[in-house]
Amino acid sequence: MGLPAHNRVAVYHSNRDLRIESRDVPEISAGELLLEITASGICGSDIMEWYRQPKAPTVLGHEVAGRVVGAGAGVTRFHVGDRVIATHHVPCLECRYCRSGRETACELLHRTAFDPGGFAAFVRVPAANVDKGGVLLLPDHVSDDAASMVEPLGCVLRGQRRAGVGPGDTVLIVGAGVSGCLHLLAARALGAAQVFVSDPLPGRCSIALRLGADAAFDTTQPVGDAVRAATGGGHGADRVIVCAGALPAVTQALAAVDRGGSVLYFAPMQPGAMLPLPFNDVFWRHEATLASSYGAAPADLAAALALMAARRVDVAPLVTHRLPLAEIQHGFDLMLDPQESLKIIIDPRLDG
């Protein structure tokens, strides 16, 4: 069966204005792939309007799984019919940043992208993405929905490595959205002894408990005190991971981290926000390491897929909605008011 003449895409103008349009199916050149998208997750960054709107109108979407429907000359590792995941950004693996493990600072990583974005029926994957490890074959038992979360889980694994999460740690995750829940699952897989979560939404706290959190705290209460009471030894969390872009979350993290521990900032704040840092507390009392993390390298993606394939991380419980491309506006609306939603997957094949 041949490809359709037109490609359906969701064009982002603002969070409340996404429009379905028809465009030409991208043509591929040597080294490139054409994917039929089978699952495309809506990321929390997709609804950061201050970040996205300056580039509007545009086609968003970067958490994708798909089926290869075209392979350019010279592509030997992938064939038509293969199920794959692809990442929109890839590092060069050769520059000074890549050689020192700082791949997300690589200039190529910030220039590479899908054509168009992942909220489309078909996507062209550039040669650099194919060549630099940005495409991975999927095992048969890893679902399309799960595969679309390889990229965010890869970002989580990179962040936890920077934070030093390991066996025996006590971990506090501030914010129990999708990123927070992935951090919970990853910390468990990495051998953390205790994993606590805090969130203002009771529903999300309940989800975190079902996923295996030892306790879930209401962010309107003193979370640092709650952590010290829950550890049984009166100590704070060895690793605090902040998955909420809000000043109270930063304050909670600094109040909850143990001496010699680390705080990982995993979510941006509004432009111009300043970090309220009690410097002498950090210097004298905490001796804490403060770090941030953005994105993932190909090795992180491979590690994320390996955890899923080995069934050490099960992301299926995170998926609350699967929608056709035509209903992507509804998906964004759910993300903006997340009372009953967590991970929302767009599947353009559902449009018929």
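Note that these values count all heavy atoms, side chains included, but never hydrogens, waters or copies made by symmetry.
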d(Asn15 CG, Ile47 CD1) to nearest 0.5 Å is 6.5 Å
Evaluation steps, side chain to side chain contact (heavy atoms under 4.5 Å, CB included), between Leu172 and Val195:
CA-CA 6 Å; Leu172 169 66; Val195 183; over 6 Å; no
Whether the side chain of Gln160 engages the backbone of His183 through a donor-acceptor N/O pair (distance < 3.5 Å, no angle test) should be reported.
yes
Check for a donor-acceptor pair, side chain of Asp300 on one end and backbone N or O of Ala297 on the other, with a separation under 3.5 Å.
yes
Do any N or O atoms from the side chain of His89 and from the backbone of Thr112 form a donor-acceptor pair under 3.5 angstrom?
yes
Do Phe196 and Val257 sit in one hydrophobic cluster, given that two such residues count as connected whenever their side-chain heavy atoms are within less than 4.5 Å of each other, even indirectly?
yes
Classify the ring geometry of Phe119 against Phe332: parallel below 30°, tilted from 30° to 60°, perpendicular beyond 60°.
perpendicular
Salt-bridge contact Glu21-Arg8 (side-chain N to carboxylate O under 4.0 Å)
no
NZ-CG distance between Lys343 and Leu318, expressed to the nearest 0.5 angstrom
9.0 Å
Strictly below 4.0 Å, N to O, side chains only: are Arg52 and Asp46 in salt-bridge contact?
yes
Scan side-chain atoms only and decide if Asp145 and Ser143 contain a donor-acceptor pair under the 3.5 Å cut-off.
no
Tell me, do Arg188 and Asp214 make a side-chain contact under 4.5 Å, heavy atoms counted?
yes
Is Arg16 salt-bridged to Glu49, going by a charged N under 4.0 Å from an acidic O?
no
Stepwise side chain to side chain contact (heavy atoms under 4.5 Å, CB included) test for Met308 and Val150
CA-CA 8 Å; Met308 288 185 186; Val150 166; 3.8 Å; yes
Using distance alone, with no hydrogens and no angle criterion, decide if Ser100 and Arg102 have a side-chain donor and acceptor under 3.5 Å apart.
yes
Pair Arg322, Glu327 - check salt bridge (charged side-chain N to carboxylate O under 4.0 Å, His left out), show working.
CA-CA 10 Å; Arg322 298 186 81 257; Glu327 295 182 20; over 6 Å; no
Evaluate the criterion side chain to side chain contact (heavy atoms under 4.5 Å, CB included) for residue pair Leu153 and Leu301; output intermediate values, then yes/no.
CA-CA 7 Å; Leu153 181 58; Leu301 302 177; over 6 Å; no
To the nearest 0.5 Å, how far apart are CD in Glu36 and OG1 in Thr38?
7.5 Å
In the structure I gave you, are the side-chain heavy atoms of His321 and Met335 within less than 4.5 Å of one another anywhere?
no
Leu3 side chain near Leu34 side chain, heavy-atom distance below 4.5 Å
yes
Within the structure provided, determine whether Cys205 and Val197 are in side-chain contact (heavy-atom separation under 4.5 Å).
no
For Pro298 and Gly133 the tightest heavy-atom approach is CB-O, 3.6 Å
Whether Asp169 side chain and Gly166 backbone form a donor-acceptor pair below 3.5 Å:
yes
Note: Pro91 and Cys98 closest approach over all heavy atoms is CB-SG, 3.5 Å
Geometric class of the His110/Tyr294 ring pair [parallel <30°, tilted 30-60°, perpendicular >60°]
parallel
Examine distances only and state if a side-chain atom of Arg259 and a backbone atom of His235 form a donor-acceptor pair shorter than 3.5 Å.
no
Keeping the roles fixed (side chain from Arg67, backbone from Val84), state whether a donor-acceptor pair exists under 3.5 Å.
no
Assess, by modelled atom type and distance only, whether the side chains of Arg161 and Ser293 contain a donor and an acceptor separated by less than 3.5 Å.
no
Keeping Glu103 on the side-chain end and Leu109 on the backbone end, is there a donor-acceptor pair under 3.5 Å?
no
Check: Asp82 and Leu137 side chains under 4.5 Å, non-hydrogen atoms
yes
Indicate if Val135 and Leu138 have the same hydrophobic cluster label, given that clusters are the connected sets of ILVMFWY residues with side-chain heavy-atom separations under 4.5 angstrom.
no
Could you state whether Val165 and Val240 fall into the same hydrophobic cluster, counting links through intermediate Ile, Leu, Val, Met, Phe, Trp or Tyr residues with side-chain heavy atoms under 4.5 angstrom apart?
no
Leu136 with Leu33, same ILVMFWY side-chain cluster at under 4.5 Å:
no
Same cluster (ILVMFWY, side-chain, under 4.5 Å), Val223 and Ile241
no
Side-chain contact test, heavy atoms from C-beta onward, threshold under 4.5 Å: evaluate it for Pro139 versus Leu305 and give yes or no.
yes
Where the side chain of Ser292 meets the backbone of Tyr265, is there a donor-acceptor pair that is under 3.5 Å apart?
no
Pair Phe114 + His62: ring centers closer than 6.0 Å:
no
Would the distance check show the side chain of Ser40 and the main-chain N or O of Val64 forming a donor-acceptor pair, the cut-off being under 3.5 Å?
no
For Cys181 and Leu342 the tightest heavy-atom approach is SG-CD2, 4.1 Å
Test side chain to side chain contact (heavy atoms under 4.5 Å, CB included) applied to Phe122 and Val9, step by step:
CA-CA 8 Å; Phe122 296 93; Val9 305; over 6 Å; no
d(Leu190 CG, Leu307 CG) to nearest 0.5 Å is 7.0 Å
Which heavy atom of Pro26 sits nearest a heavy atom of Asp115, and at what distance?
CG-O, 3.5 Å
How about Ile345 and Ser148: do any of their side-chain heavy atoms sit closer than 4.5 Å?
yes
CG/Leu325 to CD1/Ile37 distance, rounded to the nearest 0.5 angstrom?
10.5 Å
Quick test of your reading of the model: are Arg228 and Asp258 salt-bridged, counting only N-O distances below 4.0 Å?
no
Heavy atoms of Leu35 and Ala86 approach each other most closely as CD1-CB, 4.0 Å
Expected output: side-chain Asp199 to main-chain Leu201 donor-acceptor under 3.5 Å
yes
Are any non-hydrogen side-chain atoms of Asp144 and Arg349 less than 4.5 angstrom apart?
yes
Heavy atoms of His13 and Ala56 approach each other most closely as O-CB, 3.6 Å
Separation of Leu323 CG from Leu350 CG (nearest 0.5 Å)
8.5 Å
